Amino acid sequence: MWRGLWTLIARAARGPRSPRSCTRQGSGAPAPSSGSTIFALSSGQGRCGIAVIRTSGPSSAHALRSLTAPQDLPPARRACLRQLSDPCSGEPLDRALVLWFPGPQSFTGEDCAEFHVHGGPAVVSGVLQALGSVPGLRPAEAGEFTRRAFAHGKLSLTEVEGLADLIHAETEAQRRQALRQLDGELGHLCHGWAEILTKALAHVEAYIDFGEDDNLEEGVLDQATREVRELEVALGAHLRDARRGQRLRSGAHVVIAGPPNAGKSSLMNLLSRKPVSIVSPEPGTTRDVLETPVDLAGFPTLLSDTAGLREGVGPVEQEGVRRAQNRLEQADLILAVLDASDLASPSSCNFLDAVVIPTGARSPSPSGQRLLLVLNKSDLLPSNGPDPNPDLPPHLLLSCLTGQGLDDLLEALKKELAILCGDPSTGPPLLTRARHQHHLQGCLDALGHYKQAKDLALAAEALRVARGHLAHLTGGGGTEEVLDIIFRDFCVGK
Ligand SMILES: Nc1nc2c(ncn2[C@@H]2O[C@H](COP(=O)(O)OP(=O)(O)OP(=O)(O)O)[C@@H](O)[C@H]2O)c(=O)[nH]1
Ligand SMILES: [K+]
Ligand SMILES: [Mg+2]
């Protein structure tokens, strides 16, 4: 009987009824049009010390030989100095280091060549033109090198996304997260989950095929159900964290709010280190929502300054207040600012009652919204005096004028943002894209169908659907459309 079961495990792992399992297969991408060899400048545009031009495809060796003297191929993966010249005119182009990467041990899995040339625009365009004149070579499309790497199974889809994020990473936390994804952590996690599903599916299929024979080990079906239950818990925990990874990728929404003249715009300018907002002693200076991307303590954020919240004002300021309230609802983190020397004023009290106390009391609120209370203008308080208001919720003292308290505020922001975005140095791999969330949710829904299935054939089908979602996440059976969206993020030469 157990031999039968192992045959089934193997069959479930392979298909044929099942979707492709979660392995590092390039499957979904179109096979690179056979015969075409691509080339592009892979380093940045513009004048630079050294520019890297590379090729990928079967004519790479021919291209290398056509442009270099001596014409023999350098040893694999070793840099060699060569004279480069135009194959048609024979005109010298540069003296350059060239490298030869025979496939499949190359970035794309195909034969590749690299030319490390002097970075002047004339040299670069001369070499690109010379490559264009070699038969079988054409300029690469955006992301085409990576797409070929994916098609040859060198990178899984989540690793491709990690690479795109790494190229675009602007803050330290983003870079760490992207590197982890490029290392395949999310892919490995999905792979493990897919294996659990494969085993559970094998158990269910064994029961379907041999259950009646009565010589099947007791509890095979119970074991499958137990495994599915454990997987549901793991997926649920990951999905609850899903917003964090997305915030880390696209920036957390941090909204500065408070009564008029508390110093919100002063704080905006201090944190963004540029004069984004107009600061003036006149209450009601800021009317519209002003926003700017800011790297706060290593985390990417979209920082917004808003109109001071107060009632009984003219129609323009009223519209500003309405916009401020709208923006507050979308905030991941509210930076609530009050004037430390003016805490008893009606506008301060209203703001405390309407925003600070309700949000603070809900912390962590169902929406996950968080709040930091900042008492600004601490320079106006008597020095070394007692806390101006010990009854207030936890707060920080700050002076935008002198900068006192800024380090403590940045430290507190770092803690809040690590909670909101996840800490990319520790913790489980994050789901950085809506696509990841969609497939994990699809997998979880299918597991729900498994539990409700009245009939074993339907239960087995639910497990196959669940596994299909995990396979899609890492790129097995990825559709053309998804691939287009992902590779669009890349630049030419990558
Ligand atoms: N003494 C002192 N004055 C400050 C401090 N921060 C801001 N101010 C002053 O307070 C006044 C109001 O500052 P803003 O930054 O315009 O305040 P705001 O909250 O954006 O005001 P509205 O947009 O009108 O709601 C300005 O005159 C600032 O120079 C501070 O830390 N200490
Ligand atoms: K003001
Ligand atoms: Mg302002």
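Order of appearance sets the numbers: ligands from 1, and atoms from 1 within every ligand. The basis for the numbers below is simple: all heavy atoms, side chains too, and nothing from hydrogens, waters or symmetry mates. Keep in mind the model is a prediction, meaning the values are calculated, not measured.
Any N or O atom pair closer than 3.5 Å counts here, and Asp305 shares no such pair with ligand 1. Considering backbone and side-chain N/O of Val279, none are found under 3.5 Å from N/O of ligand 1. Considering backbone and side-chain N/O of Leu401, one or more are found under 3.5 Å from N/O of ligand 1. Of the polar atoms of Gly284, at least one N or O is found under 3.5 Å from an N or O of ligand 1, judged by distance alone. At a 3.5 angstrom cut-off on N or O pairs, Ala307 does not count as close to ligand 1. The distance criterion of under 3.5 Å between nitrogen or oxygen atoms is met by Lys264 with respect to ligand 1. The shortest N or O to N or O distance between Ser378 and ligand 1 is not below 3.5 Å. The shortest N/O to N/O separation between Gly263 and ligand 1 falls below 3.5 Å.
We find that Arg226 and Glu230 are not joined by a salt bridge, their nearest charged nitrogen and carboxylate oxygen being 4.0 Å or further apart. Salt bridge status for Glu144 with Arg147: absent, with no side-chain N to carboxylate O gap under 4.0 Å. Lys451 and Glu232 are joined by a salt bridge, as a carboxylate oxygen and a charged side-chain nitrogen come within less than 4.0 angstrom of each other.
Less than 4.0 angstrom separates some heavy atom of Asp379 from each of these atoms of ligand 1: 1 (N), 2 (C), 30 (C), 31 (O), 32 (N). Listed by number with element, the atoms of ligand 1 under 4.0 Å from a non-hydrogen atom of Ala262 are 19 (O). Listed by number with element, the atoms of ligand 1 under 4.0 angstrom from any heavy atom of Pro283 are 24 (O). Every atom of ligand 1 with a heavy atom of Gly308 under 4.0 Å away is listed here by number and element: 25 (O). Residue Asn261 approaches ligand 1 through these ligand atoms, each under 4.0 Å from one of its heavy atoms: 12 (C), 17 (O), 18 (P), 19 (O), 21 (O), 22 (P), 24 (O), 25 (O). Ligand 1 places these atoms under 4.0 Å from at least one heavy atom of Glu282: 24 (O).
Within the 3.4 Å limit, Thr286 places no N, O or S atom next to the K ion (ligand 2). Thr306 lies apart from the Mg ion (ligand 3) in this respect, since none of its N, O or S atoms is found at a distance under 2.8 Å. Distance check for Thr285 against the Mg ion (ligand 3): none of its N/O/S atoms falls below 2.8 Å. Ser265 lies apart from the K ion (ligand 2) in this respect, since none of its N, O or S atoms is found at a distance under 3.4 Å.
Remark: the Ser277 side chain and the Thr286 side chain contain no N/O donor-acceptor pair separated by less than 3.5 Å. Checked by atom type, the side-chain pair Thr306/Arg327 shows no donor-acceptor distance below 3.5 Å. For the residue pair Arg148/Ser36, the side-chain donor-acceptor check at 3.5 Å is satisfied. A donor atom on one side chain and an acceptor atom on the other are found under 3.5 Å apart for Asp445 and Gln441. Side chain to side chain, Glu110 and Ser56 meet the donor-acceptor criterion of an N or O pair below 3.5 Å.
Nearest N/O/S atom of Glu282 with respect to the K ion (ligand 2) is recorded as O.
At least one donor-acceptor pair closer than 3.5 Å links the side chain of Thr198 to the backbone N or O of Ala194. In this structure a side-chain-to-backbone donor-acceptor pair under 3.5 Å is present from Thr55 to Ala113. Under a 3.5 Å cut-off, the side chain of Asp339 and the backbone N or O of Ser341 do form a donor-acceptor pair. With hydrogens and angles disregarded, no donor-acceptor distance shorter than 3.5 Å links the side chain of His395 to the backbone of Leu373.
The K ion (ligand 2) forms the vertex of an angle spanning OD1 of Asn261 and O of Ser280; to the nearest 10 degrees it equals 90°.
By the criterion of a heavy-atom distance under 4.0 Å, both the backbone and the side chain of Ser399 are placed next to ligand 1. Within the 4.0 Å heavy-atom criterion, the part of Leu380 lying near ligand 1 is the side chain and not the backbone.
Using a 4.0 angstrom heavy-atom cutoff, Met268 does not count as in contact with ligand 1.
Between His238 and Trp193, the ring-plane angle classifies as perpendicular under the 30° and 60° cut-offs.
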